[in-house]
Each structure stands twice: as structure tokens, then as C-alpha cells.
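Single-structure report; data block below.
What you see below is based on every heavy atom in this structure, not just the backbone, and it leaves out hydrogens, waters and symmetry mates. Here is the naming used below: chain letters follow the sequence lines, and residue numbers restart at 1 for every chain.
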2 protein chains.
Amino acid sequence: MREPTFLVLAALLEGPKHGYALLSAVNDLSDGRVNLQVGTLYGALDRLSRSGWVMESGTEIVDGRHRRYFTLTDTGARALAEETARVTARANKAAALLAQHRKGFAL
Amino acid sequence: MREPTFLVLAALLEGPKHGYALLSAVNDLSDGRVNLQVGTLYGALDRLSRSGWVMESGTEIVDGRHRRYFTLTDTGARALAEETARVTARANKAAALLAQHRKGFAL
DNA sequence: TGCTATATATCGGTGTTCTGAATATCGTCG
DNA sequence: CGACGATATTCAGAACACCGATATATAGCA
């Protein structure tokens, strides 16, 4: 799973959101480091819908603008939890090796 | 940076390694979850060499078999440290959101 | 001789993301 | 009224990393 996809799922943990709202949510979540492109977002949303990790949860019209809402499914939440555990384990291992590396070669 | 590339850099923190050794090192590092393909490895090694994150550090012939050694550069170690920090921050944020989500959510 | 392990290398195909443009509607400013 | 910015979505094309298959060669073992 790539970073944009991960962040989209994470943003949806807060509750159902529409596309444009996800753009700023992902931006916030990553402390501004990831500037999600619209093309990336809707591509990811389509992919995640097909694999059952998110669900379209109805449309709404606000000020004449069409909004498509997306909700995280239980499957999606579980997948995100697994991915988070996996990534954490990896990062911890790398951190340990980095500490050792610094000790051995000094700075 | 994707998982295989990340793991290659992490494996090189232990010291210079040749291609084939990296294959098993990455496998060990990921607890067998990532089975690095040769195509991925040499592709990554070429890329990382071009960007100055790893360096070819000489060849050796052992039992008639040619070995190309690769070493992590300081730039590469720094990049890996940054990536690790970045990934850790992301994972922590997701973990916090997941905990909130399980509790019954509503932000 | 054939099989396995070691060791390096290339190539085409695939999936995810990025780039960039196009479409549409509403509110506001001049 | 008409231009413009903000909101909201869609899509085509390219870039890039990864995967799987394939190829080469040496050494050891049955």
C-alpha cells in the first residue's frame, strides 16, 4: 500500500467524507508533506471501492454542488490496522539498525 | 520510497553486502514477509547508485563466483533515517485514529 | 549426467501514482 | 450581465517501482 492510499484510509477513520474534503484531510494528516492530487484521489477511491475497503455512502447536493460521500468499511479498517502494524514493525527494525550504525561508525 | 527499497537500505546498515546476500538479508529483515525478486533488487541498486545512496565497493571472486559489493553512503543513511521518521509519524497518527475509531468514534 | 545452490543480469508487463487538462455549478465582485 | 474564484469530479497520458520470467556461469553432490 502506498502513502496516498494509506492516508486516504486513515482520513476516513474520522467518518464519511467527500472527495474534496479528503484532499485537505490528507494534507493535514501528513502535516502538509503530502499534497494529494485529485487524479490520485479518485483513482485510489475507485480502486478501494472495487476491493471493498471503502463504500460510496450516498450523494448530497450542497449549494448546487454534487458531493459523493465515501465511508470506510470494516474490511478497510482491518486492512489499515494490519498495514499500520506492519509498517510500525519495519520502522522499529530500521530504527534499531540505524542506532547501531551510528554507534559503530560514529559521526 | 517503497518497501523493497527501504529494506535494501536497512540491510546495508549492517555493512557492505553483495546482491545475493541482500536477497536473504531482506527476507530476514521482513520476517519472511517480503520475498525480494532479483529484478527488483538490481533495479533498486542501479537507481540507488545513480542517486548516490549506495556505492559499489569493489568486486571479489569467491569459489569462482563473482561478487559485486554495495555500501551505504552517508547520504543514503541520512535518507533512510528521514524516511524512517516519516513512516513512524504516519503510523503513529494512524494508530491513534484507529484507537479512536474502535472506541465508537465521532470526532 | 542431472539437480541444486550460488551469483549476477536483463526484459516485458503490471499496478499505483503523478501530471495536467477538461467539465460543471454556485456566489461574488465590478 | 459577465468574469472569476472556489468547490467538485473525471479522464488520458506518462513516470516509476516492482514482479516474474529468463539467461548466464560455477561448484558440489548423487
Exercise. Using chain A heavy atoms and a threshold of under 4.0 Å, write down where along DNA chain D the contacts begin and end, 5' to 3'.
Key: D:dT7 to D:dC11

Quiz item: Between A:Thr40 and C:dT16, is there a side-chain N or O to OP1/OP2 distance below 4.0 Å?
Solution: no

Quiz item: For C:dT8, does either OP1 or OP2 sit under 4.0 Å from a side-chain N or O belonging to B:Tyr20?
Solution: no

Base, sugar-phosphate, or nothing: which does [X] touch, judged by heavy atoms less than 4.0 Å apart?
X: A:Gly19; answer: sugar-phosphate
X: B:Val62; answer: nothing
X: B:Gly64; answer: sugar-phosphate
X: B:Arg67; answer: sugar-phosphate

Quiz item: Hey, is A:Arg68 close enough to A:Glu60 for a salt bridge, meaning N to O under 4.0 Å?
Solution: no

Practice problem: Tell me which of B:Arg65 and B:Phe70 sits closer to the 5' end of DNA chain C, going by the nucleotide each one is nearest to. | Solution: B:Arg65

Quiz item: Between A:Val38 and A:Phe6, which is nearer to the 5' end of DNA chain C once each is assigned its nearest nucleotide?
Solution: A:Phe6

Quiz item: Considering only side-chain heavy atoms of A:Arg2, which listed nucleotide, C:dT19, C:dT16, C:dA7, is closest?
Solution: C:dT16

Practice problem: Please determine, for the side chain of B:His18, which listed nucleotide (C:dT16, C:dA7, C:dT19) has the closest atom? | Solution: C:dA7

Is the side chain of [X] donor-acceptor paired with the backbone N or O of [Y] at a distance under 3.5 Å, no angle test?
X: A:Ser30; Y: A:Val26; result: yes
X: A:Ser49; Y: A:Leu45; result: yes
X: A:Thr73; Y: A:Gly52; result: yes

Starting at [atom1] of [X] and ending at [atom2] of [N], how long is that distance when rounded to a whole Å?
X: B:Gln37; N: C:dG15; atom1: CD; atom2: P; answer: 16 Å
X: B:Leu23; N: C:dA7; atom1: CG; atom2: C1'; answer: 10 Å
X: A:Leu41; N: C:dT19; atom1: CG; atom2: P; answer: 15 Å
X: B:Leu45; N: C:dA7; atom1: CG; atom2: C1'; answer: 13 Å
X: B:Glu60; N: C:dT8; atom1: CD; atom2: P; answer: 10 Å
X: A:Ile61; N: C:dC26; atom1: CD1; atom2: P; answer: 9 Å

Self-check item: Quiz item: cation-pi between B:Arg67 and B:Tyr20, 6.0 Å / 45°
Solution: no

Exercise. With side-chain contact (heavy atoms from CB on, under 4.5 Å) as the test, would you mind laying out the steps for B:Glu56 and B:Tyr69 before giving the verdict?
Key: CA-CA 6 Å; B:Glu56 280 203 50; B:Tyr69 279 87; over 6 Å; no

Quiz item: Is the closest side-chain heavy-atom distance between A:Leu36 and A:Val8 below 4.5 Å?
Solution: yes

